[in-house]
Number of protein chains: 2
Amino acid sequence: MVATLRDVARAAGVHPGTASRAMNPETEQLVNHATVMRVRKAAKALGYVPNPVARSLKTNRSQSLGAVIPDITNPLFPPIIRGFEDVVAEAGYNVLVTNTDNDAIREGRQIAELRARQVEGMIVATATIEDEALRQLVADHVPVVLVNRVEPNLAVPSVAGDDVSGIRQAVAHLKSLGHRRVAHLAGPQTTSTGIARLRAFRQELTDQGLEFDEALVVLCDQYREADGKAALEQLLDGPEVFSAVIAANDLLALGCYDAMKDRNLSCPSDLSVVGFNDMPFVDKVHPPLTTIHVPHYEVGAEAARIVLERIKDPGKSPISVLLPVSLIVRGSTTAATRS
Amino acid sequence: MVATLRDVARAAGVHPGTASRAMNPETEQLVNHATVMRVRKAAKALGYVPNPVARSLKTNRSQSLGAVIPDITNPLFPPIIRGFEDVVAEAGYNVLVTNTDNDAIREGRQIAELRARQVEGMIVATATIEDEALRQLVADHVPVVLVNRVEPNLAVPSVAGDDVSGIRQAVAHLKSLGHRRVAHLAGPQTTSTGIARLRAFRQELTDQGLEFDEALVVLCDQYREADGKAALEQLLDGPEVFSAVIAANDLLALGCYDAMKDRNLSCPSDLSVVGFNDMPFVDKVHPPLTTIHVPHYEVGAEAARIVLERIKDPGKSPISVLLPVSLIVRGSTTAATRS
DNA sequence: TTGTATGCGTTATCAA
DNA sequence: TTGATAACGCATACAA
């Protein structure tokens with residue numbers, strides 16, 4: 001049916017071993033150039049295409065990588081995946097994507113499955129990966145890089161946006177618009193972004209001479225619109241006065257829109273809102289969301305380079321890359337009304 | 001390092017062949033129950049996990065499927081992929097997703113790659129797949145199902161939304177609002193959806209007693225926002241009067257928003273707009289888009305069932321499934337102003 | 001019910 | 001520079 005190396009060898013009148021060497025760029029120098037040509041020609045004629053499964057069995061390398069994400073349906077992840085794939089494809093790798101729904105059990109199974117399929121490395125973009133699972137991975141020397149998350153306690157490389165810089169830009173922007181009392185919808189404190197952005201918020205407010213008020217911070221359980229809505233409602237119901245809010249991510253910010261609509265408040269005239277991530281489509285919502293742009297495609301691409309690097313040279317010490325982020329001013333922020 | 005069947009067999013004091021049979025649910029009845037237990041226990045103790053690569057080489061089945069899509073970054077596709085994955089995962093399959101960017105050459109390479117990796121079947125969601133490539137697939141008896149696309153000339157199963165019903169609902173909705181002159185931004189006529197929706201538009205207009213005017217139809221080269229914008233501008237620059245437009249998909253509809261904003265026209269008071277697909281986030285744009293909801297997750301899930309079916313029973317005659325779609329009325333349509 | 005032997009397609013080691 | 005041979009881990013036809 002489909003041609004094998006054997007067939008090619010026979011057609012070219014050489015031994016399969018020779019054919020193998022001739023077909024492989026890495027070993028072709030071990031064989032006479034004329035023979036190489038002959039084999040290649042025969043291969044082409046027969047439509048030979050190497051069987052990666054057999055190769056993988058022999059070499060223990062599958063030419064494939066894993067990508068563990070919460071949910072491909074979350075618009076944050078497709079660009080990351082795409083950046084990852086584009087880069088690893090250059091090196092001949094395929095990608096197995098797997099959705100965990102942030103469920104630890106699912107995640108454990110998925111990772112086991114990926115390993116069973118002999119992936120040579122993986123990126124992990126789930127916020128909730130069990131430290132234990134991660135530890136196991138590094139203990140087994142599986143090249144893994146964290147995405148959108150850092151893990152200071154483990155020697156694991158990571159790629160993420162620069163949260164501190166992002167919050168700094170957001171705060172500076174609001175300050176320049178005259179806002180003094182700024183609230184923060186903090187992300188889940190089980191996630192490294194949630195923690196980092198809250199910490200940066202506190203830091204930047206004081207650094208930039210604005211007063212940090214604990215009462216203006218609400219912790220959200222999850223990065224979901226509903227949580228953002230509830231959080232802002234809680235703030236609105238409270239006694240504190242504030243004219244702007246920095247949400248830990250865009251979904252939370254969109255939740256603010258919902259809360260405001262319910263109460264007939266208008267954004268940005270009643271309240272300025274800043275998001276984080278610059279998800280696709282937040283430029284299309286009303287009002288277009290002012291947010292921190294994270295270069296997700298680049299995040300995936302950079303993660304890919306690091307994984308590839310570590311496959312080639314497992315001994316390399318893990319590096320953490322912080323990609324620059326930038327404030328995108330759109331319609332959801334405006335000058336504070338003097339009062 | 002990692003336990004193999006051999007190790008398990010040795011630990012259980014049986015022959016590897018027996019261990020193999022004991023581990024496999026399909027053959028475990030061929031072996032003494034007590035032995036099965038013993039082998040299983042040893043396997044667990046050793047943390048044995050079968051090597052799918054070796055199995056695949058032996059059985060010619062890879063337990064993996066392919067998904068050929070234009071671009072995971074297009075919000076249309078993640079739900080499809082997710083539906084597909086969720087269903088095939090139940091059957092123990094993995095999914096290899098590949099982006100073609102609607103580039104025929106890329107696509108050819110990707111499909112070849114998928115086949116080299118021994119996928120047992122695939123879904124194809126690219127609009128532009130070469131008939132030739134498709135023909136080759138069916139000739140080689142690769143279980144393939146088309147998604148979001150039908151191919152009447154080939155015996156290939158497909159899953160898609162019911163375009164005719166969608167357009168019918170859109171037209172009925174606009175008619176009920178008093179619109180008489182309705183324009184259509186047609187999708188690329190190289191795609192089956194583009195063709196079907198245009199044909200349905202023409203049909204429904206006359207069926208429902210509205211006049212079909214060729215001058216109110218603009219063909220878009222691609223399903224992109226920019227094309228929708230250009231198309232509406234062309235219409236606006238022309239002499240024809242119209243009060244509503246049905247776009248062949250949501251992106252085109254969003255393009256209409258752009259064109260109108262540029263000209264200080266207001267939607268829906270100046271012009272009602274209906275999209276198609278109900279992409280994520282079109283409920284968040286301004287005004288929220290009235291559109292035809294296509295159950296994309298279900299499309300992927302149904303495609304999965306059909307692929308699985310065909311792997312089990314390759315002889316089955318190909319079926320085409322049209323999933324019901326429904327009009328979602330939001331803010332971009334309103335009553336026609338009497339004039 | 002279990003053991004034996006062989007082969008899937010490739011690469012790697014060794015010898016020629 | 002090439003050939004011979006074995007082996008990767010598993011499944012299966014056949015024998016016992």
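In what follows, chains carry the letters A, B, and so on, assigned in the order in which the sequence lines appear, proteins first and then strands, with residues in each chain numbered from 1.
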What integer distance in Å separates [X]:[atom1] from [N]:[atom2]?
{"X": "N60(B)", "N": "dG7(C)", "atom1": "CG", "atom2": "P", "value": "16 Å"}
{"X": "E26(A)", "N": "dT11(C)", "atom1": "CD", "atom2": "P", "value": "11 Å"}
{"X": "H33(B)", "N": "dT2(C)", "atom1": "NE2", "atom2": "P", "value": "12 Å"}
{"X": "K58(B)", "N": "dC8(C)", "atom1": "NZ", "atom2": "P", "value": "8 Å"}

Practice prompt. Could you go through the side-chain contact (heavy atoms from CB on, under 4.5 Å) check for V147(A) and I80(A) one step at a time?
Written response: CA-CA 9 Å; V147(A) 157; I80(A) 296 179; 4.1 Å; yes
Discussion item. Test: side-chain hydrogen bond (donor to acceptor under 3.5 Å, both in side chains). Region: residues 71-86 of chain A. Which pairs qualify, not counting sequence neighbours?
Written reply: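 The answer is D71(A)-R82(B), R82(A)-D86(A), R82(A)-D71(B), R82(A)-D101(B), E85(A)-N99(B), D86(A)-Y297(A).
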Item to complete: May I ask you to decide if T27(B)'s main-chain N or O and R21(B)'s side chain share a donor-acceptor pair within less than 3.5 Å?
Response: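 Side chain of R21(B) to backbone of T27(B), a donor-acceptor pair under 3.5 Å: no, none is there.
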Fill in: Under 3.5 Å: donor-acceptor pair, side chain of E120(A), backbone of Q63(A)
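Yes; at least one donor-acceptor contact below 3.5 Å.
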Worksheet item: Is it true that E113(B) and R109(B) make a salt bridge, defined as a side-chain N closer than 4.0 Å to a carboxylate O?
Response: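 Looking at R109(B) together with E113(B), the answer is no, because their closest N to O distance does not fall below 4.0 Å.
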Discussion item. Regarding R305(B) and E309(B), does a basic nitrogen lie under 4.0 Å from an acidic carboxylate oxygen?
Written reply: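 Looking at E309(B) together with R305(B), the answer is no, because their closest N to O distance does not fall below 4.0 Å.
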To the nearest 0.5 Å, tell me how far [X] [atom1] sits from [Y] [atom2].
{"X": "T126(A)", "Y": "I111(A)", "atom1": "OG1", "atom2": "CD1", "value": "6.5 Å"}
{"X": "H296(B)", "Y": "L76(B)", "atom1": "NE2", "atom2": "CG", "value": "4.0 Å"}
{"X": "M122(A)", "Y": "L114(A)", "atom1": "CE", "atom2": "CG", "value": "5.0 Å"}

Worksheet item: For S62(B), what residues pass the side-chain hydrogen bond (donor to acceptor under 3.5 Å, both in side chains) criterion, not counting sequence neighbours?
Response: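 Checked S62(B) against side-chain hydrogen bond (donor to acceptor under 3.5 Å, both in side chains); matches are S64(B).
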Item to complete: Name every residue in residues 5-25 of chain A that has at least one heavy atom under 4.0 Å from any atom of DNA chain C, in order of residue number, or write none if there are no such residues.
Response: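 Correct list: L5(A), G17(A), S20(A), R21(A).
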Discussion item. Does anything in residues 38-48 of chain A come within less than 4.0 Å of DNA chain C? Heavy atoms only, and list the residues if so.
Written reply: Y48(A)
Discussion item. If you apply the rule side-chain contact (heavy atoms from CB on, under 4.5 Å), what do you find for Y223(A) with N102(A), and how did you get there?
Written reply: CA-CA 12 Å; Y223(A) 279 129; N102(A) 276 327; over 6 Å; no
Response to the item:
Assert: residue with more 5' nearest nucleotide on DNA chain C, out of R61(A) and A54(A), is A54(A)
Practice prompt. Quick one: label T27(B) by what it contacts on the DNA or RNA (base, sugar-phosphate, nothing), any heavy atom closer than 4.0 Å.
Written response: nothing
Discussion item. Using a 4.0 Å heavy-atom cut-off, does T35(A) contact any base of the nucleic acid, only the sugar-phosphate backbone, or nothing at all?
Written reply: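 Sugar-phosphate contact only - T35(A) comes under 4.0 Å of backbone atoms but never of a base.
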Worksheet item: Hey, where on DNA chain D does chain B first and last touch, going 5' to 3'? Cut-off is any atom under 4.0 Å from a heavy atom.
Response: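 In short, chain B contacts DNA chain D from dG9(D) to dA13(D).
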Discussion item. Quick check on dT10(C): is either OP1 or OP2 less than 4.0 Å from any side-chain nitrogen or oxygen of T4(A)?
Written reply: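 Yes, T4(A) has a side-chain N/O under 4.0 Å of OP1/OP2 on dT10(C).
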Worksheet item: Axis-to-axis angle across the helix from dT1(C)-dA16(D) to dA16(C)-dT1(D), five pairs an end, to 10 degrees?
Response: 40°
Worksheet entry | Positive for side-chain contact (heavy atoms from CB on, under 4.5 Å) with L146(B), one of I123(B), L154(B), L134(B) | L134(B)
Worksheet entry | Residue of the set V159(B), I69(B), V95(B) for which side-chain contact (heavy atoms from CB on, under 4.5 Å) holds with F84(B) | V95(B)
